[in-house]
Amino acid sequence: MTPEIDLTAKLKQYFGFDTFKGDQEAIIRNVLAGNDTFVLMPTGGGKSLCYQLPSLIMEGTAIVISPLIALMKNQVDVINGMSEEDGIAHYLNSSLNKAAIDLVKSDILAGKTKLLYVAPESLTKDEYVDFLKMVKISFYAIDEAHCISEWGHDFRPEYRKIRDKVDEIGKAPLIALTATATDKVRTDIKKSLGIIDAKEFKSSFNRPNLYYEVRQKPSSDDATNVQIVKFIRQHPGKSGIIYCLSRKKVEELAAVLCANNIKAAPYHAGLDSATRSQTQDDFLQEDIDVIVATIAFGMGIDKPDVRFVIHYDIPKSLEGYYQETGRAGRDGGEGKCIAFYRYKDLKKLEKFMEGKPVAEQDIGRQLLAETAAYAESSVCRRRMLLHYFGEEYLKENCGNCDNCLHPKSKQEAEEALVIVLNAIQKIKEDFRTDYVIDFVSGRATDDIVVHKHDQLEEFGSGEDIDPKIWNPVIRQALIAGYLKKDVENYGLLKLTSAGKKFMKSPHSFMIVLDNEFTDDDDEVTDGQGGALDPELFAMLKDLRKKVAKQRGIPAYAVFQEGSLEQMATVYPISLEELQQVQGVGAGKARKFGKEFVELIKRHCEENEIERPEDLRVRTVAKKSAVKVKIIHDIDNQRALDDIAIAQGIDFEELLDEVEAIVYSGTKLNIDYFLEEVMDDDHVDDIYDYFKESETDDLDTAMEELGDDYSEEEVRLVRIKFLSEVAN
């Protein structure tokens with residue numbers, strides 16, 4: 001019988017810690033005993049140690065399958081840094097040249113290497129499989145195991161091949177580890193890896209030190225940038241990560257931060273590996289404070305003192321959100337998690353899914369619906385997150401999220417819940433939230449008519465109740481345990497035994513209505529969001545209305561909403577300063593600016609508002625060289641589609657650039673192009689619409705104008721209108 005190993009002594013010897021965290025010791029003993037193991041542990045819980053320590057104790061080499069090169073480099077450096085000998089840990093991936101690969105192989109064959117990190121793609125290469133067949137393998141660790149599941153937030157098809165490759169190389173125990181997995185994903189992982197009987201260790205997902213907040217995203221990017229700069233200035237010298245969905249946004253925001261003397265750098269997959277590696281090292285060594293990144297950054301980055309994580313765009317799934325926010329406060333200290341949300345962004349994400357297989361689109365939409373529910377709900381954010389991961393949080397108020405710090409008053413929803421539960425039973429527990437809401441509201445959609453549910457007595461049973469109540473009732477009934485979602489058929493609402501009891505003997509069910517988020521450009525939230533100075537913002541809007549009336553043009557043609565928000569935040573009091581506001585070029589400033597800067601100056605004097613230079617948020621000119629070239633080409637009457645090809649961008653991106661030029665006050669004449677591509681009557685109709693409309697919003701225009709006009713046509717005429725009227 002093998003003598004019991006003193007694991008605490010080994011922990012101290014190798015890692016310098018005196019005690020294990022949570023389930024670490026039990027997990028390690030299970031691995032040492034040769035058993036398959038499944039570990040669900042939130043970011044910051046100490047997952048890596050669960051395979052690193054046993055690998056150093058056991059005979060042979062442990063294979064760690066990991067999805068990111070950055071993570072491998074970081075962890076290999078840490079392990080090798082603890083040992084006097086070189087080569088205890090290595091990685092094999094596409095970043096290595098032949099000489100480096102040969103060194104790794106010789107260290108492994110010499111028995112030096114206890115821990116080998118490989119990318120899933122490398123594991124599928126025959127040359128590596130053949131080599132690993134010669135190696136004594138202690139166990140396999142599959143890190144970020146959620147990548148196996150299509151329901152996970154970072155699905156990697158190569159992960160599906162892991163079991164076959166393991167069988168080919170040589171069987172050994174498996175340990176699968178992930179920081180985020182719903183019941184559905186957990187089942188998926190164990191099935192795919194063939195470890196259904198694995199002993200499961202599930203740590204609490206609660207991170208009490210993290211503060212969660214969802215903010216209304218302002219109508220313009222510039223106003224969002226202003227909020228972010230101000231937030232970072234309130235936390236000087238602290239480390240933070242800002243996540244954006246697009247590389248373009250990452251680059252733009254990093255430039256804005258640098259222009260405002262914030263030590264920041266961009267990080268995304270489009271940068272070369274040397275740059276990414278350098279940025280990562282600079283962040284770890286605190287040469288830079290803020291990383292602006294796509295989701296490619298942060299997995300396995302062992303920086304314990306990240307003090308804030310900001311989501312510029314709402315993420316595609318709650319798993320992704322939880323994992324990314326989990327990079328804050330890993331040392332148990334402060335961690336602020338701020339997400340910006342607007343409904344329009346969700347629609348954009350849904351649009352990106354078009355063209356993908358139907359099943360993939362369906363999964364994507366369900367995951368987005370969960371994210372929307374989290375963002376919009378007024379319930380404790382911690383409670384919602386933990387419920388999503390199958391954990392019950394019994395406190396009503398966590399005291400560390402925006403909804404708990406600013407609670408809404410509750411209202412009775414007993415009758416509404418009874419209506420919902422009855423409806424779900426009548427339609428055989430076979431439909432999702434949207435369908436149930438349509439059914440109780442009495443909306444005879446095509447789907448409901450096809451199923452003949454409009455003929456049921458319960459159809460429309462809640463049509464006299466405020467429609468705002470249905471989403472919160474269903475969401476809060478799920479948390480309270482009256483309803484559940486079917487794990488296999490994701491999203492179908494089912495009654496629980498508690499729900500059936502409630503139908504028989506209803507009792508009080510208090511709920512809070514959802515937070516209201518708006519995409520209306522006229523809406524500016526006070527307090528946490530929108531303009532810093534609501535009083536000035538209101539005065540600027542009144543002045544804009546007056547100027548527009550005098551000149552007989554729509555208000556938006558004077559200055560856009562986002563420009564006013566920024567004016568009410570940074571207080572420009574000269575035409576030069578006004579030109580620093582995004583969307584205000586020299587022409588626009590000269591034409592309309594005088595009255596606005598005079599109003600701002602007067603407001604600052606009357607209210608004794610200090611305007612120190614360091615309070616002003618600087619913007620950066622976006623691709624000014626590109627804009628100059630576009631202006632030049634349009635002046636020379638070059639066809640717009642030819643200009644797009646010459647710039648290497650698609651037509652839609654060119655229109656974005658042209659709109660930015662025109663909105664900032666530069667006059668462009670595109671009549672020559674409109675004459676070629678559009679019917680005169682169409683041009684006149686769209687032009688007249690913008691003359692009368694109170695908004696330049698594209699979606700509103702498309703709705704008002706109907707199907708006779710394409711989106712491109714509407715945008716082109718809007719450019720013509722703004723150029724002639726506003727500039």
Side-chain angles (χ1 to χ4, degrees), residues 146-157 180-188 214 217 243-246 294-295 311 313-324 339-377 384-385 387-390 420 423-424 427 429-441 443 445-448 450-451 453 467 470-479 483-494 514-515 517 519 699:
H146 56 267
C147 295
I148 280 173
S149 174
E150 289 178 54
W151 286 100
H153 61 278
D154 196 18
F155 175 54
R156 299 274 285 258
T180 58
T182 56
D183 290 344
K184 169 79 177 164
V185 172
R186 216 161 68 238
T187 311
D188 228 4
V214 179
K217 193 175 189 179
Y243 286 108
C244 308
L245 283 176
S246 76
T294 54
I295 56 167
H311 280 87
D313 304 289
I314 203 76
K316 296 174 192 173
S317 74
L318 273 187
E319 283 97 331
Y321 172 75
Y322 180 83
Q323 188 169 44
E324 286 149 25
F340 285 96
Y341 174 73
R342 68 176 165 212
Y343 188 66
K344 247 183 205 167
D345 289 352
L346 276 191
K347 292 282 131 204
K348 224 184 266 177
L349 286 173
E350 279 189 3
K351 212 173 176 188
F352 290 156
M353 291 178 207
E354 287 168 13
K356 288 187 175 180
V358 174
E360 212 175 306
Q361 284 189 46
D362 194 38
I363 289 170
R365 284 200 181 92
Q366 287 303 311
L367 294 175
L368 275 180
E370 298 288 357
T371 310
Y374 169 80
E376 291 167 10
S377 178
M384 281 205 79
L385 272 178
H387 175 263
Y388 183 74
F389 291 111
V420 163
I424 289 168
I427 58 178
E429 303 178 53
D430 208 20
F431 295 89
R432 293 175 179 166
T433 299
D434 289 350
Y435 190 97
V436 172
I437 292 174
D438 286 338
F439 178 82
V440 298
S441 305
R443 282 196 286 271
T445 62
D446 292 346
D447 217 7
I448 282 174
V450 165
H451 287 96
H453 286 156
W470 300 119
N471 260 317
V473 162
I474 291 172
R475 289 166 185 171
Q476 290 166 58
L478 284 160
I479 292 171
L483 291 173
K484 64 179 180 184
K485 282 187 179 173
D486 186 341
V487 172
E488 287 307 314
N489 299 305
Y490 203 82
L492 302 190
L493 293 173
K494 306 281 184 189
D514 284 351
N515 291 310
F517 287 87
D519 283 325
D699 292 339

Q: Any side-chain heavy-atom pair from Trp470 and Ser441 closer than 4.5 angstrom?
A: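 They are in contact (side-chain heavy atoms under 4.5 Å apart), so the answer is yes.
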Q: With rounding to the nearest 0.5 angstrom, report the CD to CG distance, Gln366 to Leu368.
A: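 So the CD of Gln366 and the CG of Leu368 are separated by 9.5 Å.
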Q: Should Glu324 and His311 count as side-chain neighbours, where that means a heavy-atom distance under 4.5 Å?
A: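 They are in side-chain contact.
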Q: Indicate the atoms forming the closest heavy-atom contact of Ala375 with Asn515, along with that distance.
A: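 Nearest heavy atoms, Ala375 then Asn515: O-ND2, 4.2 Å.
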Q: Just wondering, do Leu492 and Asp430 contact through their side chains at under 4.5 Å, heavy atoms?
A: yes
Q: Between Lys347 and Asp699, is a salt bridge (Lys or Arg N to Asp or Glu O under 4.0 Å) present by the stated rule, with each step listed?
A: CA-CA 12 Å; Lys347 292 282 131 204; Asp699 292 339; over 6 Å; no
Q: Quick one: pull up OG1 in Thr445 and CD1 in Ile437 and give me the separation to the nearest 0.5 Å.
A: 12.5 Å
Q: Given side chains that start at C-beta, do those of His453 and Asp447 come closer than 4.5 Å, heavy atoms only?
A: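 A side-chain contact under 4.5 Å is absent here.
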Q: Does any non-hydrogen side-chain atom of Leu478 lie less than 4.5 Å from one of His387?
A: yes
Q: For Tyr374, which of Tyr321, Tyr388, Tyr341 qualifies under side-chain contact (heavy atoms from CB on, under 4.5 Å)?
A: Tyr321
Q: How far apart are the closest heavy atoms of Glu429 and Lys494, and which atoms are they?
A: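 It is O-NZ, 2.7 Å.
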Q: Quick one, Lys217 with Ile314, criterion side-chain contact (heavy atoms from CB on, under 4.5 Å). Give me CA distance, side-chain angles, the key distance, then yes/no.
A: CA-CA 10 Å; Lys217 193 175 189 179; Ile314 203 76; over 6 Å; no
Q: Indicate the atoms forming the closest heavy-atom contact of Ala423 with Val440, along with that distance.
A: CB-CG1, 3.6 Å
Q: Which atom names give the shortest non-hydrogen contact between Ser377 and Arg475, and what distance separates them?
A: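 Closest heavy-atom pair between Ser377 and Arg475: N-NH1, 4.3 Å.
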Q: Would Leu245 and Leu349 count as a side-chain contact (heavy atoms from CB on, under 4.5 Å) here? Give the steps.
A: CA-CA 10 Å; Leu245 283 176; Leu349 286 173; 3.3 Å; yes
Q: Let me see the working for Lys316 and Leu367 under side-chain contact (heavy atoms from CB on, under 4.5 Å), right down to the final yes or no.
A: CA-CA 7 Å; Lys316 296 174 192 173; Leu367 294 175; over 6 Å; no
Q: Contact between Lys485 and Glu370 at the side-chain level, heavy atoms closer than 4.5 Å - yes or no?
A: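 They are in side-chain contact.
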Q: Do you know which two heavy atoms are closest between Asp313 and Cys244, and how far apart they sit?
A: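 Shortest heavy-atom separation between Asp313 and Cys244 comes out as OD2-CA, 3.5 Å.
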Q: Please walk me through it: do Tyr435 and Leu493 pass side-chain contact (heavy atoms from CB on, under 4.5 Å)?
A: CA-CA 10 Å; Tyr435 190 97; Leu493 293 173; over 6 Å; no
Q: For the residue pair Phe431 and His451, does the interplanar ring angle fall in the parallel (under 30°), tilted (30 to 60°) or perpendicular (over 60°) class?
A: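 Plane angle over 60°, so perpendicular.
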